[in-house]
**Q** 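The structure is given below, and queries will be raised subsequently.
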Amino acid sequence: MYLMSKSTDVAVMTRVPELSALTACMWVKTAERHSFATLISYAVPSNTNELLLFLTSGLRLDMKGQWKKSQGIFDDGRWHHVCITWSSHGGKWAHYKDGTHINGGMGFNTGKQLIGGGSLILGQDQDGVRSKYDVNQALKGQIGRASCRERV
């Protein structure tokens, strides 16, 4: 999937269930240096950033108003395999780059669940459910083999 246009909107048209655990992985290749490049945006009516995964001087996961960041160079024009995991049980989270664990811990959104039924968008941040896109936060590059699972 090529994401070169600043207005690209790639929606995943499947019902997203309520989640108490998540593994999201994809291959990413950037076309330019980014100060902010969205990989995954999941919005529900009560929270347009229910889950937001983006590149900004590393990899950052925002979820339900909390965030975790890992350092690393992702916007170098090369393919990188990116994975994040999270479990509400103990709040265990981890970030992976090219198969290597780069950061992780406990206590991240412990006991909480991601609300189901929202809008999952790849490559673009949504500040409304499937709307209000900011072109400065779009990924310019490619995403391949994206997958989300409801387990760690």
Side-chain angles (χ1 to χ4, degrees), residues 1-17 19 21-44 47-88 91-109 114-115 118-152:
M1 165 180 4
Y2 293 93
L3 302 168
M4 301 308 287
S5 166
K6 291 184 177 184
S7 62
T8 299
D9 168 8
V10 179
V12 177
M13 303 302 289
T14 187
R15 170 115 169 73
V16 177
L19 297 172
L22 173 70
T23 296
C25 297
M26 66 185 63
W27 284 93
V28 177
K29 182 179 181 183
T30 58
E32 61 184 50
R33 295 273 184 194
H34 292 86
S35 60
F36 189 111
T38 303
L39 302 179
I40 299 173
S41 174
Y42 180 64
V44 296
N47 185 0
T48 57
N49 287 325
E50 183 73 357
L51 182 140
L52 183 61
L53 180 64
F54 59 98
L55 303 176
T56 178
S57 302
L59 181 66
R60 181 169 155 163
L61 172 65
D62 285 19
M63 185 187 300
K64 301 183 97 44
Q66 296 182 29
W67 58 272
K68 296 295 178 184
K69 185 174 178 181
S70 300
Q71 298 300 314
I73 297 172
F74 294 85
D75 60 351
D76 59 3
R78 296 182 180 157
W79 281 104
H80 294 287
H81 192 250
V82 176
C83 285
I84 58 103
T85 62
W86 166 77
S87 173
S88 125
K92 187 174 181 178
W93 66 277
H95 292 170
Y96 298 87
K97 176 186 177 190
D98 299 327
T100 301
H101 180 265
I102 58 173
N103 202 1
M106 302 289 288
F108 182 53
N109 284 297
L114 289 173
I115 298 169
S119 171
L120 182 64
I121 305 285
L122 300 179
Q124 180 65 274
D125 181 27
Q126 50 188 328
D127 290 327
V129 177
R130 193 99 199 263
S131 66
K132 299 181 183 174
Y133 302 113
D134 182 341
V135 297
N136 296 313
Q137 297 175 346
L139 172 69
K140 286 81 162 175
Q142 300 174 56
I143 293 176
R145 298 189 181 203
S147 67
C148 292
R149 309 227 186 279
E150 53 183 305
R151 64 180 182 271
V152 173

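Position 1 is the first residue of the sequence; numbering continues from there.
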**Q** Between T85 and V152, what is the shortest heavy-atom contact and its length?
**A**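 Taking every non-hydrogen atom into account, CB-CG1, 3.9 Å.
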**Q** Side-chain contact test, heavy atoms from C-beta onward, threshold under 4.5 Å: evaluate it for T30 versus L139 and give yes or no.
**A**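 Side chain of T30 against side chain of L139, heavy atoms only: contact under 4.5 Å found.
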**Q** Is the shortest side-chain heavy-atom distance between I40 and L122 below 4.5 Å?
**A**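 Yes, side chains in contact.
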**Q** Report yes if some heavy atom in the side chain of D134 is under 4.5 Å from a heavy atom in the side chain of F36; otherwise report no.
**A**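 No; the side chains remain at least 4.5 Å from each other.
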**Q** Would you compute the distance between atom CZ of R60 and atom OG of S70 and round it to the nearest 0.5 angstrom?
**A**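 That separation rounds to 11.5 Å.
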**Q** Side chains of E50 and K64: closer than 4.5 Å at any heavy-atom pair?
**A**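 Yes. Closest side-chain heavy atoms under 4.5 Å.
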**Q** Check S119 against V129 and note the closest heavy-atom contact, atom names and distance.
**A**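 Between these two residues, the closest heavy atoms are CB-CG1, 3.7 Å.
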**Q** Do M63 and W86 touch side chain to side chain, with heavy atoms closer than 4.5 Å?
**A**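 Of all side-chain heavy-atom pairs linking W86 with M63, at least one is under 4.5 Å.
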**Q** To the nearest 0.5 Å, what is the distance between CG on D98 and CZ on R78?
**A**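 The CG atom of D98 sits 10.0 Å away from the CZ atom of R78.
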**Q** Are side-chain heavy atoms of N49 and D125 found at a separation under 4.5 Å?
**A**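 Touching, per the 4.5 Å side-chain cut-off.
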**Q** Drop me the distance from N47's CG to Y42's OH, to the nearest 0.5 angstrom.
**A**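 Rounded to the nearest 0.5 Å, the CG-OH separation comes to 10.5 Å.
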**Q** At their closest point, which heavy atom of S57 faces which heavy atom of K69, and how far apart are they?
**A**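 Where S57 meets K69 most closely, the heavy atoms are O-CE, 3.5 Å.
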**Q** Evaluate whether atom CD of E150 has more than 12 neighbouring non-hydrogen atoms of other residues, nucleotides or ligands under 6.0 angstrom away.
**A**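 Atom CD in E150 is not packed in, count stays at 12 or less.
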**Q** Got more than 12 heavy atoms from elsewhere within 6.0 Å of NZ, K132?
**A**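 Count not over threshold, so no.
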**Q** Does I84 reach the side chain of L22, with side-chain heavy atoms less than 4.5 Å apart?
**A**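 Yes; the side chains approach each other to less than 4.5 Å.
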**Q** List the atom of R15, the atom of P17, and the distance in Å for their closest heavy-atom pair.
**A**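 Scanning both residues completely, I find the closest heavy atoms to be O-CD, 3.5 Å.
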**Q** Determine, stepwise, if the pair I102 / Q71 fulfils side chain to side chain contact (heavy atoms under 4.5 Å, CB included).
**A** CA-CA 8 Å; I102 58 173; Q71 298 300 314; over 6 Å; no
**Q** Please walk me through it: do L39 and M26 pass side chain to side chain contact (heavy atoms under 4.5 Å, CB included)?
**A** CA-CA 9 Å; L39 302 179; M26 66 185 63; 3.9 Å; yes
**Q** Looking at CG of D62 and NZ of K68, how far apart are the two atoms once the value is rounded to the nearest 0.5 Å?
**A**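 So the CG of D62 and the NZ of K68 are separated by 11.5 Å.
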**Q** Looking only at the aromatic ring of each residue, does the gap between the centers of H95 and W93 stay below 6.0 angstrom?
**A**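 Here the rings of H95 and W93 have centres that are less than 6.0 Å from each other.
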**Q** Heavy atoms only: give me the nearest S41-Q124 pair and the separation to one decimal.
**A**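 Distance-wise, the nearest heavy atoms are CB-O, 3.3 Å.
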**Q** For D127 and T48, which heavy atoms make the closest approach, and how far apart are they?
**A**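 D127 and T48 have their closest heavy atoms at O-CG2, 3.5 Å.
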**Q** Test side chain to side chain contact (heavy atoms under 4.5 Å, CB included) on V28 and F74; report intermediate values, then the result.
**A** CA-CA 8 Å; V28 177; F74 294 85; over 6 Å; no
**Q** Rounded to the nearest 0.5 Å, how far does CD of Q137 lie from OG1 of T38?
**A**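 It comes to 5.5 Å.
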**Q** Is any side-chain heavy atom of L114 closer than 4.5 Å to a side-chain heavy atom of N109?
**A**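 Counting from C-beta outward, L114 and N109 never come under 4.5 Å.
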**Q** State whether the number of non-hydrogen atoms from other residues, nucleotides or ligands found under 6.0 Å of K92 atom NZ is greater than 12.
**A**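 No, because the 6.0 Å sphere around NZ of K92 holds 12 heavy atoms or fewer from other groups.
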**Q** Should the pair R145 and W27 be classed as cation-pi, given the thresholds of under 6.0 Å to the six-membered ring centre and 45° from the axis?
**A**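 Negative - R145 is either too far from the ring of W27 or too far off its axis.
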**Q** At what distance, to the nearest 0.5 angstrom, does CG of L51 lie from CG of L120?
**A**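 The distance works out to 8.0 Å.
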